[in-house]
Amino acid sequence: MTKKVTMFGVAFDNLDMVGAVSQIEQWLAQDERSSRFVVTTNADNVVALDASQKFRDIYHEAALVLADGNPIVWTSRLLGTPLKGTVPGSDLVPTIFDHFCTTGNTLSVYLLGAPAGVAERAKLVIENKWSQVRVVGLYSPALGFENDEDECRFICDQINNSGAALLVIGLGAPKQELWIGKHAASLRIKVALCVGATIEFIAGSKARAPRWMRRWGLEWLHRMASEPRRLTPRYAYDAFVFPRLVLKEFLRKKK
């Protein structure tokens, strides 16, 4: 069991990247296929969690809740319960792949999400760059698929038939978390990672922010500039709500 830091009604696992990869690798090494799922949490997720009890319930079922973004870590320090560091989903997946290449063990992966054709490109990149990683299946579901029970059963069957140990879900939050929370019991995988645009980053269809922007917690600005029509309203809303949630949490801790 990892130590927990509770903020915003969520129990964050106090792990840095090394600790998170170590824990996930332990689960992947086990024979048991218990369909654990991991969520990576940024300020946008916190705003969504505050508005949705259903979303919060899914978080309580997650095997790991990791801090994806400096605002979460900075808040933990402000509250006097510092998290060890950030574990962005878009860095977690490549770091796990790197780890398996150093151990010599083979990792079987299923990619769920990203627009049509993007996951295929990600598969080529992964298998060219990480010799110990095998993409044994992929699927890019249509918009609204999560409301189609037949489609969801089909996806679960495809994942199970692939024999994948690791499921990488790139559907965006909160869709990816709600989907795995509902269907984890139907899956025969070891671990699922809810990691947003990671498949697109690996494929090269979306560009990551420069390292200095990530280090200073400005990746959101880079993403907003890349997709202004879609992301500007969301980030403007987050910028209005998130500081208020931090203040509310600070005052609660003081009491």
Would you indicate whether the side-chain heavy atoms of V87 and D68 approach each other to under 4.5 Å?
-> no
Would you say N42's side chain and D44's backbone share a donor-acceptor pair under 3.5 angstrom?
-> yes
Between K206 and E227, is there a salt bridge with N-O shorter than 4.0 Å?
-> yes
Does the side chain to side chain contact (heavy atoms under 4.5 Å, CB included) test come out yes or no for V191 and V38, once each step is laid out?
-> CA-CA 7 Å; V191 181; V38 176; 4.1 Å; yes
E127 with K123: basic N within carboxylate O range, under 4.0 Å = yes
Is there a side chain to side chain contact (heavy atoms under 4.5 Å, CB included) between V109 and V136 once you walk through the steps?
-> CA-CA 6 Å; V109 177; V136 295; 6.0 Å; no
Relative to F250, does R252 satisfy both conditions: NZ or CZ under 6.0 angstrom from the six-membered ring centre, and within 45 degrees of the ring's axis?
-> no
Any donor and acceptor pair, going by atom type alone, linking the side chain of R33 with main-chain N or O of Q30 inside 3.5 Å?
-> no
Can you measure from CG (L66) to CE (M17) and round to the nearest 0.5 angstrom?
-> 8.5 Å
Would you mind checking if D57 and K54 are paired as a salt bridge, meaning a charged N to carboxylate O distance below 4.0 Å?
-> no
At what distance, to the nearest 0.5 angstrom, does OG of S34 lie from CG of L187?
-> 11.5 Å
Taking side chain as C-beta onward, heavy atoms only, is I155 less than 4.5 Å from P141?
-> yes
Just by distance, do the side chain of Q176 and the backbone of G172 share a donor-acceptor pair under 3.5 Å?
-> yes
Value for CG (L28) from OG1 (T103), rounded to nearest 0.5 Å, stands at 10.5 Å
Salt bridge between R56 and E61, side-chain N to carboxylate O under 4.0 Å?
-> no
What's the spacing between C101 SG and Q132 CD if we round to 0.5 Å?
-> 5.5 Å
Same apolar cluster (I L V M F W Y, side chains within < 4.5 Å links), L178/V168 | no
Listed partners of E32 passing salt bridge (charged side-chain N to carboxylate O under 4.0 Å, His left out), at least two apart | none
Verify whether the ring centers belonging to Y110 and Y139 lie closer than 6.0 Å.
-> no
Quick one: sort the W130 and F97 rings into parallel, tilted or perpendicular, breaks at 30° and 60°.
-> perpendicular
Which atom names give the shortest non-hydrogen contact between L92 and A20, and what distance separates them?
-> CD1-CB, 4.4 Å
Any pair with a residue in residues 28-71 that passes ring-ring contact (aromatic ring centres under 6.0 Å, His included), sequence neighbours left out, goes on the list, sorted by first then second residue, please.
-> F55-Y59
Just wondering, do S35 and R188 contact through their side chains at under 4.5 Å, heavy atoms?
-> no
Would a distance-only check, ignoring hydrogens and angles, find a side-chain to backbone donor-acceptor pair under 3.5 Å from R121 to E200?
-> no
D50 and F8: CA distance, side-chain angles, deciding distance, side chain to side chain contact (heavy atoms under 4.5 Å, CB included) verdict = CA-CA 8 Å; D50 183 66; F8 311 113; over 6 Å; no
Do D157 and F154 come within less than 4.5 Å of each other through their side chains, counting heavy atoms only?
-> no
Mark yes or no for whether T75, through its side chain, and P71, through its backbone, hold a donor-acceptor pair below 3.5 Å.
-> yes
Decide yes or no for L193 and I96: does some side-chain heavy atom of the first lie under 4.5 Å from some side-chain heavy atom of the second?
-> yes
Verify same cluster id: F12, L79 (apolar side-chain graph, 4.5 Å) = yes
Interatomic distance, NZ@K190 vs CG@L167, rounded to 0.5 Å, equals 14.0 Å
Sorted by first residue and then second, give each side chain to side chain donor-acceptor pair (under 3.5 Å) pair with at least one member in residues 77-87; sequence neighbours left out.
-> none
Minimum heavy-atom distance between H183 and C156, given as atom pair plus value = CB-SG, 3.9 Å
Hey, any chance L138 and V133 share a hydrophobic cluster, counting ILVMFWY side chains that come within less than 4.5 Å of each other, even indirectly?
-> yes
Would you find a donor on one side and an acceptor on the other, under 3.5 Å apart, between the side chain of S22 and the backbone of V18?
-> no
Between atom CG of L64 and atom CD1 of I24, what is the distance when rounded to the nearest 0.5 Å?
-> 6.0 Å
Greater than 12 external heavy atoms within 6.0 Å of K253's NZ = yes
Is K175 close to F145 at the side-chain level, that is, under 4.5 Å between some pair of heavy atoms?
-> yes
For the student: nearest non-hydrogen atoms of V39 and A62, plus distance | CG2-CB, 4.0 Å
Does some side-chain heavy atom of S186 sit less than 4.5 Å from a side-chain heavy atom of R153?
-> no
Can L111 be reached from L166 by stepping across I, L, V, M, F, W or Y side chains whose heavy atoms are under 4.5 Å apart?
-> yes
Please lay out, stage by stage, how S76 and M7 fare under the test side chain to side chain contact (heavy atoms under 4.5 Å, CB included).
-> CA-CA 8 Å; S76 73; M7 304 182 295; 3.7 Å; yes
Heavy-atom side-chain contact between L245 and V241 under 4.5 Å | yes
Just by distance, do the side chain of R234 and the backbone of R230 share a donor-acceptor pair under 3.5 Å?
-> no
Among the clusters formed by ILVMFWY side chains lying less than 4.5 Å apart, do L49 and I180 turn up in the same one?
-> yes
